[in-house]
Amino acid sequence: MKAIQELGRNTLNTIRGIGNATIMLFQALVGKPQPLKMFPLLMRQLYVVGVQSMLIILVSGLFIGMVLGLQGYTILVDFGAEQALGPMVALSLLRELGPVVTALLFAGRAGSALTAEIGLMRATEQLSSLEMMAVDPLRRVIAPRFWAGFLSMPLLAFMFSAIGIYGGFVVGVQWLGVDDGAFWSVMQASVEWQHDVMNGFIKSLVFAFVVTWIALYKGYTAEPTSPGISAATTQTVVYSSLAVLGLDFVLTAVMFG
Amino acid sequence: MKNLVELKDVYFNRGDTPIYEGVNLVVPEGKVTAIMGPSGCGKTTLLRLIGGQLKPTRGEVHFAGHQVNKLGRSALFDLRKRMSMLFQSGALFSEMTVFDNVAFPLREHTDLPENIIATVVKMKLDSVGLRGAAHLFPSELSGGMARRAALARSIALDPELIMYDEPFAGQDPISMGMLVKLIRSLNSTLGLTSIVVSHDIHEVMSIADHVCIMANKKIVAQGSPEQLEREGNELVLQFLHGEPDGPVPFHYPAADYAEDLLGSGVRR
Amino acid sequence: MEARKIELLVGVFITAAIAALVFLAMQVANTTGALRGETYTLYAKFDNIGGLKVRSPVKVGGVVVGRVSSITLDSEYFEPVVEMKISVQYKGFPDTSTASILTSGLLGEQYVGLEPGFIDDGVMTLEDGDQIFMTNSAMVLENLIGQFLFSQGND
């Protein structure tokens with residue numbers, strides 16, 4: 001009996017949370033644009049969120065591409081189909097691994113950093129100070145971080161896919177002896193701009209929106225204490241990851257199913 | 001004597017817990033008003049109600065003739081430019097220098113050119129004694145200096161009201177002395193109204209013109225320090241003299257002592 | 001100074017992203033795909049479409065000229081109707097052309113192969129919305145086995 005009550009209460013709390021998060025986002029993003037003031041803030045956030053994530057994304061992309069090349073070769077060579085390595089690496093990255101792994105890494109690195117930063121601003125009453133100085137903290141603090149996350153994640157996903165494909169090329173062609181021309185030409189015959197690259201891009205846009213939104217909301221509503229911020233940071237990573245994987249299934253079914 | 005701030009019959013609940021039940025207080029203009037009371041009685045909540053960050057469950061909150069709890073978002077923002085709050089932690093923006101922190105309200109709310117802003121910032125910093133520290137970051141400041149820098153930021157726009165939330169908490173005697181002096185002198189030189197929320201009796205009573213003592217979800221006493229000393233009831237006097245036992249009891253309600261210790265050993 | 005360094009690094013970030021995008025566009029994706037630009041529609045009816053799918057290619061002599069855009073069933077005779085979008089670069093197929101469903105490679109996917117027919121005075125060209133009448137359906141394994149056994153039995 002109590003368990004059912006708990007379930008009901010948790011569901012209502014979750015729905016209320018989503019509602020609050022929507023209101024927060026709406027108030028942060030909708031309003032008169034102030035390009036002069038917002039631009040330097042956006043620049044700084046692009047640096048914090050985008051540039052500082054580049055290293056982990058590039059290194060991970062390279063390694064995943066290389067593993068794909070290696071594993072792909074060992075599987076395909078048994079069917080005499082190693083010429084299909086190119087499209088295998090490219091399509092896996094562009095359609096799935098690029099958007100999804102980038103989103104997961106982003107949630108872990110940039111997402112948790114955003115949550116911790118905003119939680120700390122709340123704990124040290126910086127957000128309240130902004131309010132009392134008649135500056136809207138949603139537009140001043142949340143909005144630039146949202147746009148930075150939304151813009152930089154898809155770009156990071158492209159970089160991930162590109163360097164992954166290069167990694168697959170290095171392993172497949174230069175180490176394992178797949179024919180250079182065949183690698184690229186079979187890939188080009190199988191990869192379509194609109195169907196594969198653009199669908200992957202749309203996926204990463206959706207993931208960027210969700211991950212950044214969750215990170216900002218968790219930071220904004222964190223308990224202003226050390227354990228509170230720590231819990232919020234963990235929740236950002238967990239919820240973002242689950243959301244990304246769940247949405248990935250839905251989007252894949254719609255786009256490629 | 002006009003009252004800059006008035007609270008009329010204010011009730012406030014946090015969740016299901018009532019914090020205020022029928023609070024009435026006034027803050028006279030141009031004076032230093034102290035709000036004191038036992039820990040957890042909701043003193044910071046009062047400042048948030050005046051600033052419009054919280055809305056009362058019932059009752060009215062007035063500032064400079066406007067009813068704060070009835071204002072819309074943009075009217076509230078405009079009103080907030082006339083008041084300022086000094087938070088317990090100072091709340092300086094950690095990624096900006098002291099100079100940029102103090103300049104922040106000026107850059108936000110005025111169109112003044114940079115050279116004039118620089119002059120104003122230096123003047124404000126000078127009045128709190130930190131003009132030489134303008135280039136430092138908040139992480140490089142001591143607690144007392146951070147609070148003074150935050151104070152400089154609060155007076156940047158020359159507000160009519162400053163609210164201090166526990167300004168003396170955890171300060172060493174020298175910083176405490178500086179803050180006390182600053183609060184008093186800024187109040188008179190800038191013609192401000194100040195509200196100080198604190199429980200450092202000695203410091204606060206030395207500078208307050210008007211004192212409100214809050215307990216049991218209401219204001220139990222209001223008046224000048226001398227008035228309270230003279231007419232104060234038991235609770236007020238216990239608070240003012242720091243007596244450990246009195247109307248606010250030492251013992252948390254519990255069963256009879258002897259029974260509690262011996263009763264478990266007695267078999268019936 | 002601080003702001004300029006940040007702007008520089010953000011610029012590097014954006015440049016890297018654009019470089020990645022260009023790499024993907026040039027080296028990886030099929031940007032000379034036949035479906036770019038304008039297309040016109042042709043129809044063909046088959047007895048059996050085998051494993052043909054929507055988006056399967058339409059090829060002439062191995063060169064991709066278009067894609068299958070939809071596969072439906074004729075409501076009158078319950079015949080499969082394949083709708084194809086052909087690039088306007090390849091106009092002017094005579095209406096004596098043949099459409100066959102072929103397989104590319106051993107495990108390969110199926111595609112529609114167009115063989116241009118003979119061009120003569122009385123022969124019209126296929127325009128947008130026209131139907132190709134001469135078709136060869138996909139080969140069904142059971143029929144092949146049946147044929148083989150039948151021909152064996154006749155010996």
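Letters go in sequence order (proteins before strands), and every chain restarts at 1.
When all heavy atoms are compared, the tightest approach of A/Met133 to B/His109 is O-NE2, 2.6 Å. Looking at every heavy atom in both residues, A/Met132 comes nearest to B/Phe87 through CG-CZ, 4.0 Å.
Of the atoms belonging to B/Met163, it is side-chain heavy atoms, and not backbone ones, that fall under 4.5 Å from chain A. For chain A, the nearby parts of B/Ser94 are the backbone and the side chain; heavy atoms of each come within less than 4.5 Å. Contacts between B/Leu86 and chain A at a heavy-atom distance below 4.5 Å are absent for every atom of the residue.
Around the CZ atom of A/Arg95, the shell of radius 6.0 Å holds more than 12 heavy atoms that belong to other residues, nucleotides or ligands. Within 6.0 Å of the CZ atom in B/Phe93, the count of heavy atoms belonging to other residues, nucleotides or ligands exceeds 12. The neighbour count for A/Leu12 CG, taken as heavy atoms of other residues, nucleotides or ligands under 6.0 Å away, is above 12. The 12-atom threshold is exceeded at NZ of B/Lys81, counting heavy atoms of other residues, nucleotides or ligands nearer than 6.0 Å. Within 6.0 Å of atom CD in A/Glu223, 12 or fewer heavy atoms from other residues, nucleotides or ligands are found, so the atom counts as exposed in its surroundings.
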Show your working on side chain to side chain contact (heavy atoms under 4.5 Å, CB included) between A/Leu130 and B/Phe104 and close with a plain yes or no.
CA-CA 10 Å; A/Leu130 280 174; B/Phe104 182 78; 3.5 Å; yes
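Counting heavy atoms from C-beta outward, B/Met85 and A/Ser128 have side chains that stay 4.5 Å or more apart.
Between A/Glu125 and B/Arg48 there is a salt bridge, with a side-chain nitrogen of the basic residue lying less than 4.0 Å from a carboxylate oxygen of the acidic one. Checked for salt-bridge contact, B/Glu108 and A/Arg140 meet the test: a charged N lies under 4.0 Å from a carboxylate O.
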